[in-house]
Trainee: 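One structure coming up, written as C-alpha cells, with questions to follow.
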Amino acid sequence: MIIDESIFTDPTKAESLVSRVSHELRHWVFEGNPELKSLWMDAYTKNAQWPRIKQLFVDAYPTKQPPRDCEVKESYSASDWKDEDVLSELYAMEVGMDPEKPLSALSKAVVEAGIPAKVMGIEQLAIIRGQEDDAAKGIASVSPSLGTDQSADPPKTPDELMGEINKTNEKIDELLNSKLIGNIPGGKGLLSTMKSYNKDGEVLVKEYEVSKDTQIVGVLDNRQKLLKEDLEKIKMVIEKIQEAQGNTEMSPLRSIWNNTTFVSVGDIWQTMLDLKEFLERRHKRKQADHAARIGTALTENVPLLGDFGTESAARQEKAEADEVGEWKGRLENKDAWALYGILDKMANNIAPNKDQFKAILRILADKGRIDWRNKSIWTIFNKLQSAAYLSQKNDGRLSSDSTYLDAKLRAAAGGIWDYEEYSSLKRTNENSYNSKKGDYTNDIEKTPDKIPHRLAKLLREYREGGKVEAAEYEALIEYAINNAKFYAEGATFYLIAGIAAGLLTHERALALNKYSNQFPIMDWFPNNGIRSQQDYADLCLSEFAEEYNSGSISSGRSSFKNYYITVMHSNQAVMQRTRKSVIDRKWDHDWARSIVAGGDADTVRKWLSGRSGEVSTHATGVENLYAGMLQAFEEGAITQRPNWREHFDRQIGNLMMAEGAMNKVYRRSDEKIFRDPGIYGKVPLEASVRFHGDWTVVKHRDKMVGFISGNQDLKTLYQMITNGNEVAKESKAAAPEYTDKIKKHLKSTGVSETIVDNIQGIDDVFLFLEPIVKSYTSKMSDDEYRKMILSLATGI
C-alpha cells in the first residue's frame, strides 16, 4: 500500500485510506484465524450456489489479480482463483454482510444462498479474539466470588516444552523403524519432514527461554497438537496393514505343499462306498416316513388296530430323530459361516431336506448363531410348509415387528415339525449367545482401552465380508455401557452402525435396554419408530453418512455427536428416563457429560444433591456436568433442529440451576449440595471428547454466561440468582428483602403473576426456572434468538 502526504490535507483521500486499511486488516484477520477460515470455507464451498457466487465475483472484478500462483493477465477466470483467496476477498469486502448497504448482484447471491445466517457475527467475534466482549466483561460482576482468574494456568517451562517435543520425536522414530512404513506412499518422507518441523520447534523453545513471550507457548502447543493428530493417523494406517497382512514368512514352496492333496485309488473307492451308504440311508429314511404315514392312515379308525397308528407315528419320529442326529454328528464341527453356506445351497434346492435343515438350526442354536431374519432360512421354511409365508417384500412387518416375526416362525416350524421346536431353538440360541458374550467379556476386561479400536475393526471386517461374531461386537458395546469405558457417543454410534450394517438386529438394542437407568439414551431404541435394518441404514446415511461409511466417529466437529445431543436426547422417552434415573445415582461421573443434556434444571439439582445428608456426586461428575452443558449449547447452535428453542430454554435453565447451587444461592435445608469452587480451575476429564480439550470448568462456564448475557433479562436474572453474598445477608437477617427484589424484577419483565406469587423464598425461584426462561426468550423472534446463538459458534 503506497500513500503520500496529501492524505493528511485531503479528507476524501483520508477516508479512502481508512477504507483501504480496513480492507487489508480484514484480509489479515481472515488469513490469521484458522477457525474463522474453516467456518467460511464450510459455509460457502459446501453450498450448492458456490460456483455461481465465485463466478459473480470474477465477473465483478475481472482485472483483479489473484494473490498467488497465477500468471499476469489482462483479465482472470474463476479457474485462476483458489476458493480460499476468493473468500478472503469476500470477507474483506463484507459482501452480503452489511444489511445497510445496497445489494449488488454478488451480495444478493450470497444472501439468497443463506450464507450470512451461518457466518453473521462470527467475524466480529474473531476480530476481538483474545479480548473481552460485552458479555465477558460482565462475568466478574455476575460472579464476584469467582472472577475469571481461576482459569489461568501457569505457563509451561522450556523444559516441559522440550519434553513434549522429545516425546513426539520418539513416536516419529518408532514409526520410521516400522517395517510397514514403506507400504505407505511418501510415509518416510512425511515423517522426516515432521522431524525437521520439530527442530524448528526446538528453535522456538530457545527463543521463548530468552524472550519469555508466552505467545510462543501457544504456537508450540498448536504445532504439537497437529503433529500428534497426523502421527495417530499414520499409526492407524499401519495397524490396518498389519491386520490385513497374512503370513509373509511362509515360503512359496510351503504354501504349495500345504494346498496339495494326494489321491489314491483307495480314496476314490471309499468315496463311492460313502455315496452308496448316503443313498441307502436316504432311501431307508423315506421308507420309514412313508410306512408311518400309510400305517397311520390305514389303521387310525380301525377299533383294534389304532395302536398301530400310534406306533407308526413313533417310528416316524424315531426315524426323523436318527436322521437329524446323523446330520448333526456330521456337521457340528463346521463353523457358523460354513453352515450358512450350506443353507444358501439348500435354499436353491427344489425340495430341501427337512432333517438336514433341523440339524443345522440346532447346531447354530448351540453356537448362539441363528439369525432369524436370514433370507435362506426364510426360503427353506417357505418350501417345506404352507402354514406361514416369510417374505420381507410381501410383509414389511417381518422386518420391524419382532413379536409378529416370532409368531410366523413358530407357525412355520410347527408346520414342518412341532410347535415346540421353534421355542426350543430360540431359547437355546439366546442362552448360547449370552454365554458367548460372557466369554468375550472376560477377554475385554483385560484390555478395556482397546474397545473403540476393536469395534471399528470388527465393523470394517463385517462390511468387507469377513467372519465376525455378533456376540463379540455386542459384548464390547455392553461392556462399554456397563463400565463407562470408551465414551457415551462412541458406544451408541457403534450400536446404531452395527444394526444398520446387519451385524446386529434391532432386538439386540432392546436387550441392552436393561441399562437405561445408568445410560438413559437406551430408551431411544424402543421409542424411536425405527425398527428394520434398512431404517437404521437410511438414518445413518441421512444424518451422519461420512462417519457411518468410514466406520468411526470424527474427531472435532462430528455429525453423529450432534445428532446424539440434539435429536436422541430430545426424545421424550429419553428425557423422562433421564429425569427418573438421576435419583438412582447410577450414572458414571464421566458419562454424566453426555447424559445431563437430556435432563432439565431439576435433573441438574438432583445430580448436585446428595441423600441422607451426604454429597454423593464426586467433583469429576460436576466438572463433566459443565462440559456437557456447554456441549449441548454448542451442538444446538450448529444445527438448530426444529425443536431448537425448547432445547436452548432447557439448557439455560440447567446452567442457572448449576450456578445457583455452586454460589450457595440455592440451599434447600434438606439437601446436601455439591459446592466446591476448586473445580472451576480443573479441566473436565471428558472435555476432550468435543471441542475444548484443554478448557477448565470456568472457561466452559464463562462461554455459557457470555451466551445468556445476549438477553438483558436473562443476564439480570443470572446476576441475581448467583449473588451468594446478598442471599447470605437475607438469610442471616431472616428477612425477604432480596427475594422481594427478585420478584419485583420478574414482575417488571413480564413473568406470570401466578409464578411470582408462588415464590416465597430464593429456592422457589429455581423451581420455576424453565417457565421463567421461556417467558424471556418467547419475547425474542427466531432471528433475534438465532443471532444470540451465533456467539456460541466461536471456538468450535
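Predicted model, so just to flag it, every value in this text is computed and none were measured. Quick note: residue numbers are just sequence positions, from 1.
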Trainee: Do Tyr564 and Trp524 have ring centres separated by under 6.0 Å?
Mentor: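 No, too far apart.
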Trainee: Does Lys485, at its NZ atom, have more than 12 non-hydrogen atoms belonging to other residues, nucleotides or ligands within less than 6.0 Å?
Mentor: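 Atom NZ in Lys485 is not crowded, with 12 or fewer foreign heavy atoms closer than 6.0 Å.
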Trainee: Do the charged groups of Glu489 and Arg593 touch, with an N to O distance under 4.0 Å?
Mentor: yes
Trainee: What I want to find out is whether Asp355 reaches Lys358 closely enough, with some N-O distance under 4.0 Å, to be called a salt bridge.
Mentor: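 No salt bridge links Asp355 with Lys358.
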Trainee: Do the side chains of Arg410 and Asp406 get close enough for a salt bridge, i.e. N-O under 4.0 angstrom?
Mentor: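 A salt bridge is absent here (no side-chain N lies under 4.0 Å from a carboxylate O).
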Trainee: If only atom types and distance count, is the side chain of Asn434 paired as donor or acceptor with the main-chain N or O of Glu430 below 3.5 Å?
Mentor: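 The answer is yes, because a donor-acceptor pair under 3.5 Å joins these two groups.
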Trainee: Within the distance-only criterion (no hydrogens, no angle test), does the side chain of Arg650 pair as donor or acceptor with the backbone N or O of Gly599 below 3.5 angstrom?
Mentor: yes
Trainee: With side chain to side chain contact (heavy atoms under 4.5 Å, CB included) as the test, pick out the partner of Leu476 among Lys437, Arg454, Lys450.
Mentor: Arg454
Trainee: Please determine whether side chain to side chain contact (heavy atoms under 4.5 Å, CB included) holds for the pair Asn643 and Phe648, giving the CA-CA distance in whole Å, both sets of side-chain angles, and the decisive distance to 0.1 Å.
Mentor: CA-CA 9 Å; Asn643 63 339; Phe648 281 100; over 6 Å; no
Trainee: Donor-acceptor pair, Thr603 side chain versus Asp600 backbone, under 3.5 Å?
Mentor: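 A pair under 3.5 Å: yes.
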Trainee: Determine, using ring centers only, whether Trp644 and Tyr785 are less than 6.0 Å apart.
Mentor: yes
Trainee: Salt bridge or not between Lys46 and Asp42? Use side-chain N to carboxylate O under 4.0 Å.
Mentor: yes
